[in-house]
Every structure is written in C-alpha cells, then in structure tokens.
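What follows is a short report on a single structure.
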Amino acid sequence: DLSLDVLKNKLNDIAPVVVKKVIEEPKKKDTIRKDGFIIGSEKILYFMMNGEEYIDLYQKKLGFFSDSLYREIANEILYFYETNGTITVADFITYVTTKSEIKDKVMEIVNDSINEVITIEAMDEYIGAVSKVMTKNEIKRLKILMKNELDVDKKMKLAMQIAELKKEDV
C-alpha cells in the first residue's frame, strides 16, 4: 500500500505532458497568372517539340520570342532538330536535362500541354496571338523612345517604324 501511495504522489508532482499536434500547411506554389502571350508562347514551344512542321511554321511566321527564356528554349529546339534531323518531346526532354536554366520551364510547358490537341490551325492561332502582343509591345517601346528623342529626324524614323508596325498588325 505504501509504495502505491508514494507512486501516486510522485506522479502528481510531475507536470502533465501535453502533446501538441503540429500541422504543416502545404506550401503554396508561387502561381504566376498566365496571360495570352505566355500561354501562346508555351503552346508554340510545345508544338515545336512535337514535329518539324511546327518548327518550320514558327520559323516562317514568328522567327523569335521577345521573352529571353522562351527565345532560349526555341533556339534549343531548333538546334536539337538541326543536329538530329528529327524531334520528339521525349528526346527533347532527355536533351534538356543537362540544361538547368531551361529544364524546369520545359518540364512545366510539357506538363501543362500534354493533353493539347496538336494541329497546324491551332499553331497558327497561337502564332497570331503572340505576334500581336509582340508588335504591340514594340510599338509601346518605340513610342517611349520617340517621346524622349530630341532629334526631329530620329523622331520621324521612329514614327515611320511605328506606322509600319501598325500597318502589319492589321
């Protein structure tokens, strides 16, 4: 009996143990809202990874991306195709695994577009949308240059460039 009373007293002296449950909130991905230019650019790149006819269409109708990351990916696609004579998504992914600066973006593009129906018509629409945005941005850039330019001749040249871009955009 004595040992039972002693044990009860000892247990009462010890502070109660409180178990706290730590709930980790899942980290939110930094989601970047994609506008038409980003979506169109990524779809064009995905289409290019799927065949030479899409690469040819890109080269004929667009030629480059104003965004440096997309331009770098497009250049890598072109290099891969010219080196190997053919291109598939799987082969290109294998190729970019050594290129850390573009690998993550390529994987994101492929994951976002994997169920995309690939047609020349869709590629044409994406090229048209991206081209319009790039033209609009170039017109804005030229207007800013023109606004800050003091030389009248240079202002006239900039105005001619803007007019030419607007004529092409129609």
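Since this is a predicted model, take the numbers as computed values, not measurements.
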Show your reasoning for whether side-chain contact (heavy atoms from CB on, under 4.5 Å) applies to Ile77 and Tyr58. CA-CA 11 Å; Ile77 292 170; Tyr58 162 80; over 6 Å; no
Evaluate Val106 against Met49 for side-chain contact (heavy atoms from CB on, under 4.5 Å), listing each step before the verdict. CA-CA 10 Å; Val106 168; Met49 291 178 224; 4.1 Å; yes
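For the pair Leu57 and Phe47, the minimum side-chain heavy-atom distance is 4.5 Å or more. The closest side-chain heavy-atom distance from Val96 to Met107 is not below 4.5 Å. No side-chain heavy atom of Ile73 sits under 4.5 Å from any side-chain heavy atom of Phe65. Taking 4.5 Å as the limit, every side-chain heavy atom of Asp91 sits out of range of all side-chain heavy atoms of Thr86. Counting heavy atoms from C-beta on, the side chains of Ile120 and Tyr54 come closer than 4.5 Å. Within the 4.5 Å cutoff, the side chain of Tyr46 has heavy atoms near those of the Val89 side chain. Taking the side chain as every heavy atom from C-beta outward, Tyr70 and Glu42 approach each other to under 4.5 Å. Looking at heavy atoms from C-beta onward, Arg141 lies out of side-chain contact with Asn137 at the 4.5 angstrom threshold.
Taking CE from Met160 and CD1 from Ile162, the interatomic distance works out to 11.5 Å, rounded to the nearest 0.5 Å. Atoms NZ and CD, from Lys157 and Glu149 in turn, are 10.0 Å apart once rounded to the nearest 0.5 Å. In this structure, Tyr95 OH and Phe80 CZ are separated by 8.0 Å, a value rounded to the nearest 0.5 Å. Note that the CG atom of Asp112 and the CD1 atom of Ile38 stand 11.5 Å from one another [nearest 0.5 Å]. Taking NZ of Lys105 as the reference point, atom CD of Glu72 lies at 13.0 Å (rounded to 0.5 Å). Separating the CG atom in Asn75 from the CD atom in Glu82 is a distance of 9.5 Å, to the nearest 0.5 Å.
Closest approach of Tyr79 and Thr83 over heavy atoms only: O-OG1, 2.7 Å. Here the closest non-hydrogen pair linking Asp153 and Asp151 is N-OD1, 3.1 Å. Shown here for Ser66 and Arg71, the closest heavy-atom pair between the two residues is O-NH1, 3.2 Å. Shortest non-hydrogen contact noted between Lys147 and Lys155 is O-NZ, 4.5 Å. Leu165 and Thr135 make their closest contact through O-CG2, 3.7 Å (heavy atoms, listed as atom of the first residue, atom of the second, distance). Contact detail for Ile87 and Glu52: the closest heavy-atom pair is N-OE1, 4.0 Å.
In this structure, the salt bridge (charged side-chain N to carboxylate O under 4.0 Å, His left out) partners of Asp124, at least two apart in sequence or on a different chain, are Lys61.
In the hydrophobic cluster analysis, where Ile, Leu, Val, Met, Phe, Trp and Tyr join through side-chain heavy atoms closer than 4.5 angstrom, Ile93 is grouped together with Ile109. Hydrophobic clustering keeps Ile144 apart from Met134 (ILVMFWY residues linked when any side-chain heavy atoms are closer than 4.5 Å, directly or through intermediates). Two different hydrophobic clusters hold Val133 and Ile39 under the rule that ILVMFWY side chains link at heavy-atom gaps under 4.5 Å. Put simply, Ile139 and Met156 are part of two different groups of oily side chains (I, L, V, M, F, W, Y) that touch within less than 4.5 Å, one to the next.
For Lys143, the NZ atom counts as loosely surrounded, since its 6.0 Å shell holds 12 or fewer non-hydrogen atoms of other residues, nucleotides or ligands.
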